[in-house]
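One structure is given below, encoded as C-alpha cells.
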There are 2 protein chains.
Amino acid sequence: MDNPTSPPPRLIYLLTTAQRRLEAWIERETQGMSTARIGLLLALPAEGGLNMSGLARALDLGAPSLTGLVDRMAKFGLVRRIPDPEDGRSSLVVLTDQGRDLRQQALAHTKKLNGQLAKGFSDEEIAIVARWLETVRDRYSQ
Amino acid sequence: MDNPTSPPPRLIYLLTTAQRRLEAWIERETQGMSTARIGLLLALPAEGGLNMSGLARALDLGAPSLTGLVDRMAKFGLVRRIPDPEDGRSSLVVLTDQGRDLRQQALAHTKKLNGQLAKGFSDEEIAIVARWLETVRDRYSQ
DNA sequence: AATAGTTATTTCGTGTGCGAAGTAAATTCA
DNA sequence: TGAATTTACTTCGCACACGAAATAACTATT
C-alpha cells in the first residue's frame, strides 16, 4: 500500500539526473563515446551521406551544436565533409572507414543498452515510460 | 492492439531529448533560469547555509560543477559564500535577499511544472515513470 | 610535534548544447 | 536580369557538466 499522501515525484530532478548518470555511464563504458557521437554515427547511412540540416533534424539538435559535433568527429577521423553536388550551400557528412567500423560497434552496444534499460519493467510499463518521455519532449517543444 | 513486433522504444534517445527540451523550455519560461540554478536555490535553506559538499550531494553534482554554478549565481547576486566557522576548508553558501525572493518564485514555478508534467497520466503511470527514472539513475551510478 | 593521510574546494581543459549574428549560395519576384 | 528574401551553415560567446590535478585545512599516527 502506498502512503495515502505520498509526495508527488520530483520528475524534473529525476529526468535530469537519470539522463546525466546514463550519459556518464555510457562514456565510461565506451571509453569516450558520448550519446551525441553515437547518435551521429547511427544517423549516418553506411554508404553515402547526409547534409547538416538533415542530421540536425534526425538528432534533434540545433545547427551550431551539430557543427561542433561534426568538427570534433572529423578531427578524430570518424566522418568527413564533402561538398553537396546538388547545393553549393550544403555539405554532406559521410562516414570514414574507421567511422563505419565504429558505427557497427555502436549499433550493437546501443541495442544491448536499450534492452538493459527495459530490464525489470514489463512491455506495458516501458510503453508508458516511452509515452511519457515523448509527451514531455513534444509538449515543451518550442 | 499493438503491432505484434513493434520495435522497442529508443529509450536513450527519448531520455536525452526529453530532458533537453524540458530544460530549454524552462529557460525560456523563466527568462534565463536553468534547472541547475533553480535546483541550487531550492536546495539552500531560507535561513543559514550549506557547504559545497552538502550541496553537491543534494543536487547530484560533482564538485567542479558546483563551484562553477555557485560562482555564476554569486556573480548575479543570488548567493554568497561565507567561511564555515567550524571547518576552515569549507565555505557555506547562503542566499542573498534577492536569492530568497527568487527562491519563492522558483518554488512555486517548480511545483506547478511538476504537476504539469504528470498531466495526461494517472498516478499509477507516473509512479511507473518515476520508478524507471530512479532505476536508471541508480543502476548506472558510478 | 612532525609526518602521513584524508577531505573540501578550486582550477584547468574538454565536451556538449544554445542563441545571436555573420556569410554565402539558392530562390523568388518585380 | 537584378534586388530582396530565404536557406544552409559557421562563428562567437556563454552555460553547464565532468575528470585530473592542485591547494589548503583537518585528522590520525608515530
Side-chain angles (χ1 to χ4, degrees), chain A residues 16-40 49-57 59-76 78 81-93 140-142, chain B residues 12 16-40 49-57 59-76 78 81-93 137 140-142:
Chain A
T16 303
T17 53
Q19 197 282 324
R20 213 152 59 207
R21 293 274 187 99
L22 180 60
E23 177 78 38
W25 186 86
I26 291 174
E27 197 145 342
R28 281 192 304 272
E29 196 67 5
T30 59
Q31 284 155 32
M33 294 289 290
S34 59
T35 55
R37 291 175 185 202
I38 293 172
L40 179 53
L50 258 181
N51 63 16
M52 299 291 285
S53 326
L55 277 172
R57 219 174 307 121
L59 298 173
D60 195 13
L61 283 180
S65 310
L66 191 61
T67 294
L69 180 59
V70 170
D71 285 350
R72 290 186 298 271
M73 300 269 293
K75 204 169 66 179
F76 284 108
L78 300 174
R81 268 183 256 240
I82 59 177
D84 184 340
E86 318 231 306
D87 190 333
R89 296 165 298 181
S90 181
S91 53
L92 302 178
V93 181
Y140 298 98
S141 289
Q142 182 261 320
Chain B
I12 308 170
T16 303
T17 53
Q19 197 282 323
R20 211 152 59 208
R21 293 275 187 97
L22 180 60
E23 177 76 39
W25 186 85
I26 290 174
E27 196 146 344
R28 282 193 302 273
E29 196 67 5
T30 57
Q31 283 155 31
M33 295 288 290
S34 59
T35 55
R37 291 175 187 204
I38 293 172
L40 179 53
L50 259 181
N51 64 15
M52 299 292 284
S53 325
L55 278 171
R57 219 173 308 120
L59 298 172
D60 196 11
L61 283 181
S65 311
L66 191 61
T67 294
L69 179 59
V70 170
D71 285 349
R72 290 187 296 272
M73 300 268 295
K75 204 170 64 179
F76 284 108
L78 300 174
R81 267 184 258 240
I82 60 175
D84 185 339
E86 318 232 307
D87 190 333
R89 296 165 298 181
S90 179
S91 54
L92 301 178
V93 182
R137 185 192 54 187
Y140 299 99
S141 288
Q142 182 262 320

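None of the values given here were measured: they were computed from a predicted structure. Order of the sequence lines fixes the chain letters, A, B, ..., with proteins taken first and strands second; residue numbering starts at 1 for each chain. Worth knowing before you read on, the calculation uses all heavy atoms, side chains too, and leaves out hydrogens, waters and symmetry mates.
- Using a 4.5 Å cut-off on side-chain heavy atoms (C-beta onward), A:L92 and A:P85 make contact.
- Residue A:S65 has a polar side-chain atom (N or O) positioned under 4.0 Å from OP1 or OP2 of C:dC18.
- Distances shown here put every side-chain N or O of B:T67 at or beyond 4.0 Å from the OP1 or OP2 atom of C:dT11.
- Comparing A:R72 and B:S91 along DNA chain C, the residue whose closest nucleotide (by nearest heavy atom) sits nearer the 5' end is B:S91.
- Pairs passing the side-chain hydrogen bond (donor to acceptor under 3.5 Å, both in side chains) check and including a residue from residues 60-76 of chain A, sequence neighbours excluded, read A:D60-B:R21, A:D71-A:R81.
- The shortest distance between the side-chain N/O atoms of A:R37 and the OP1/OP2 oxygens of C:dT16 is below 4.0 Å.
- Atom-to-atom, CE of A:M33 to P of C:dG15 comes out at 13 Å; the value is rounded to the nearest Å.
- Contacts of A:A36 with the nucleic acid, taken as non-hydrogen atoms under 4.0 Å apart, involve only primed sugar atoms and P, OP1 or OP2.
- At whole-Å resolution of the value, CG in A:D60 and C1' in C:dG17 are 12 Å apart.
- Nearest-nucleotide mapping onto DNA chain D: of A:T16 and A:D71, the residue sitting toward the 5' end is A:D71.
- Taking atom CZ on B:R28 and atom P on C:dA20, their separation rounds to 11 Å, with Å as the unit.
- Within 4.0 Å of A:G68, counting heavy atoms only, lies no atom of the nucleic acid at all.
- Closest heavy-atom contact between A:R37 and A:G32: NH1-O, 4.0 Å.
- Heavy-atom minimum distance, B:M52 versus B:V93: SD-CG2, 3.7 Å.
- The base of C:dT9 is not paired with the side chain of B:R89 by any donor and acceptor separated by under 3.5 Å.
- Look at CG on B:L61: it is 13 Å from P on C:dT10, rounded to the nearest Å.
- As a whole-Å value, the separation of B:W25 CH2 from C:dC18 P is 18 Å.
- Residue A:D87 is classed as a sugar-phosphate contact, given heavy-atom separations below 4.0 Å to backbone atoms only.
- In this entry the distance linking CE of A:M52 with C1' of C:dA26 reads 18 Å, nearest Å.
- Atom CD in A:E23 sits roughly 13 Å away from atom P in C:dG15 (whole-Å rounding).
- Within the 4.5 Å cutoff, the side chain of A:L55 has no heavy atoms near those of the A:L69 side chain.
- Close approach of DNA chain D to chain A, defined as any atom under 4.0 Å from a non-hydrogen atom of the protein, starts and stops at D:dT7 to D:dA17.
- Within the nucleic acid shown, B:D84 has no heavy atom closer than 4.0 Å to any nucleic acid atom.
- Computed from coordinates, the B:R20 CZ to C:dC18 C1' distance equals 10 Å when rounded to whole Å.
- Put simply, OG on B:S91 and CG on B:L50 are 11.0 Å apart, with the number rounded to the nearest 0.5 Å.
- Nearest approach of A:L59 to B:R20, heavy atoms of both residues: O-NH2, 3.4 Å.
- Counted within 6.0 Å of CZ on A:R28, heavy atoms from surrounding residues, nucleotides or ligands total more than 12; the atom is thus considered enclosed.
- Comparing A:A24 and A:P64 against DNA chain D, the residue whose closest nucleotide sits nearer the 5' end is A:P64.
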